[in-house]
**Q** 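Attaching a single structure in structure tokens format; questions to follow.
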There are 2 protein chains.
Amino acid sequence: MAEEHHPDHAPLELENFLPYRLSILSNAVSQAIADDYQRRFDLSMTEWRVMAVLARFDGLSAREVAERTLMDKVAVSRALAKLVETGWVTRATHDGDKRRSVLGLSEAGWAIHEVVAPMAREHERNLLSKLDDEERTWLVRILDKLQAIEPK
Amino acid sequence: MAEEHHPDHAPLELENFLPYRLSILSNAVSQAIADDYQRRFDLSMTEWRVMAVLARFDGLSAREVAERTLMDKVAVSRALAKLVETGWVTRATHDGDKRRSVLGLSEAGWAIHEVVAPMAREHERNLLSKLDDEERTWLVRILDKLQAIEPK
DNA sequence: TGCAAATGGTTTCATATGTAACTATAACGC
DNA sequence: GCGTTATAGTTACATATGAAACCATTTGCA
């Protein structure tokens, strides 16, 4: 069954254009989750991501947080300013390198994490429940391949 | 092979968290394309999306453009203001309903489209080239299912 | 008719985000 | 040691985005 070959200059069908579909799906999913914790804790997506990596990797510096979240350092700096202010993240100065910060979740931060992480997982479960096992397996495999570092 | 069952409160592994992966992938892809036409034509992603739907559906109103692009009407209004200003989109008033606009690509707008659409397709091809036929088929199927309207 | 409610679209304002400049500290080369 | 360069992080500025208020017109209906 030969597929119609669209001339390159024909109008784009956004609804079949992969980058567009990814964008719509991704935004819908992320926004749904973010709305949830935003409403309950006044926590932005960037702030939550910072907390999530600090939950896993205690003692990171701001730069390391930026690396792990793929956010830029300004965004991390701002998120940290607010998180430290609200008392969910602790910030100390590295021994032997006064430029570096040493970050971690506070008690209160862990308490937030214990609520938000399950919420996030629940959303993910909900999303994945639309797929069967075979589709889930393919999805992971496909994402792995698409995300492989651009060779260029 | 039983997969470890993560307790809900365990730290999220962002790199395995589907919404996060989608977000990273989607942003990387969209941004790469947008950088391209932004640099060449000073055209934002929202502006390009408006042009893309007008290429397919001539004579839409602003609200219809918003529906088709899933953008909100303010974003569309702003994109149109700029596109009309640069002369890539024409705007008239609907006969019989003076609230509604009647939009379309101008000659110049079509010329831009003839350059940008192939560029966008090229990026998509590039992305899809990382997958084999079977994976591509599954991807479309999976996206269809994930994007099925939330029943809730 | 004529007036309340709805619709198309723009403007305003408040917030978010990215880029570049800046400060402080540390590392490097001589 | 000491000047240059690099690194961690913040601040300032300019632009983008979203929510709500707003204006004009049209629709619904007593």
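Proteins get letters first, then strands, A, B, ... in listed order; numbering begins at 1 in each.
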**Q** For the pair made of NE2 in H94(A) and P in dT7(D), what is the distance, rounded to whole Å?
**A**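 For the pair H94(A) NE2 and dT7(D) P, the rounded distance is 16 Å.
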**Q** Inspect the contact between E47(B) and K82(B) and indicate whether a charged nitrogen and a carboxylate oxygen are less than 4.0 angstrom apart.
**A**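 E47(B) and K82(B): salt-bridged.
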**Q** Answer yes when R136(A) and D133(A) have at least one side-chain N-carboxylate O distance shorter than 4.0 Å, and no when they do not.
**A** yes
**Q** Run the salt-bridge test on E124(A) and R121(A) with the 4.0 Å N-O cut-off and return the result as yes or no.
**A** no
**Q** Below 4.0 angstrom from OP1 or OP2 of dG8(C), is there any side-chain N or O of S101(B)?
**A**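 No, S101(B) has no side-chain N/O under 4.0 Å of OP1/OP2 on dG8(C).
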**Q** Closest nucleotide of DNA chain C for T46(A) versus for G96(A): which of these residues is on the 5' side?
**A**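 Closer to the 5' end of DNA chain C: T46(A).
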**Q** For D72(B), is there an ion pair with R78(B) - N to carboxylate O distance below 4.0 angstrom?
**A**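 Looking at R78(B) and D72(B), the cut-off is not met.
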**Q** I want to check one thing: is the phosphate of dG8(C), taken as OP1 and OP2, less than 4.0 Å away from some side-chain N or O of R63(B)?
**A** yes
**Q** Could you check how far CG of L43(B) sits from C1' of dA16(D), rounded to whole Å?
**A** 15 Å
**Q** So does S44(B) get a side-chain nitrogen or oxygen closer than 4.0 Å to the phosphate oxygens (OP1/OP2) of dA16(D)?
**A** no
**Q** For E67(B) and dG8(C), give me the distance from atom CD to atom C1', rounded to whole Å.
**A** 12 Å
**Q** Starting from C1' on dT26(D), measure out to CZ on R99(B) and report it in whole angstrom.
**A** 4 Å
**Q** Between Y20(B) and R49(A), is there a cation-pi geometry (under 6.0 Å to ring centre, at most 45° from the normal)?
**A**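 Ring-cation test returns no.
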**Q** D95(A) CG to dA8(D) P: how many Å, rounded?
**A** 17 Å
**Q** Which residue, D97(B) or S61(A), contacts DNA chain D at a nucleotide closer to its 5' end, judged by nearest heavy atom?
**A**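 Result of the comparison: S61(A).
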**Q** Angle class for the W88(A)/F41(A) ring planes (parallel below 30°, perpendicular above 60°, tilted otherwise)?
**A** perpendicular
**Q** Using heavy atoms and a sub-4.0 Å distance, could you list which residues of residues 68-81 of chain A are near DNA chain C? By number, please.
**A**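 D72(A), V74(A), R78(A), in order of number.
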**Q** Could you state the NZ-C1' distance from K82(A) to dG9(D), rounded to the nearest angstrom?
**A**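 Whole-Å distance recorded here is 20 Å.
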**Q** Looking at dT10(C), I'd like to know if its phosphate oxygens (OP1 or OP2) sit under 4.0 Å from a side-chain N or O belonging to R91(B).
**A** yes
**Q** In whole angstroms, how far is the P atom of dT23(C) from the NZ atom of K98(A)?
**A**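 It is 19 Å, rounded to the nearest whole Å.
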**Q** Taking the side chain as every heavy atom from C-beta outward, state whether H113(B) and P11(A) have any pair of such atoms under 4.5 Å apart.
**A**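 Heavy-atom side-chain distance check passes, below 4.5 Å.
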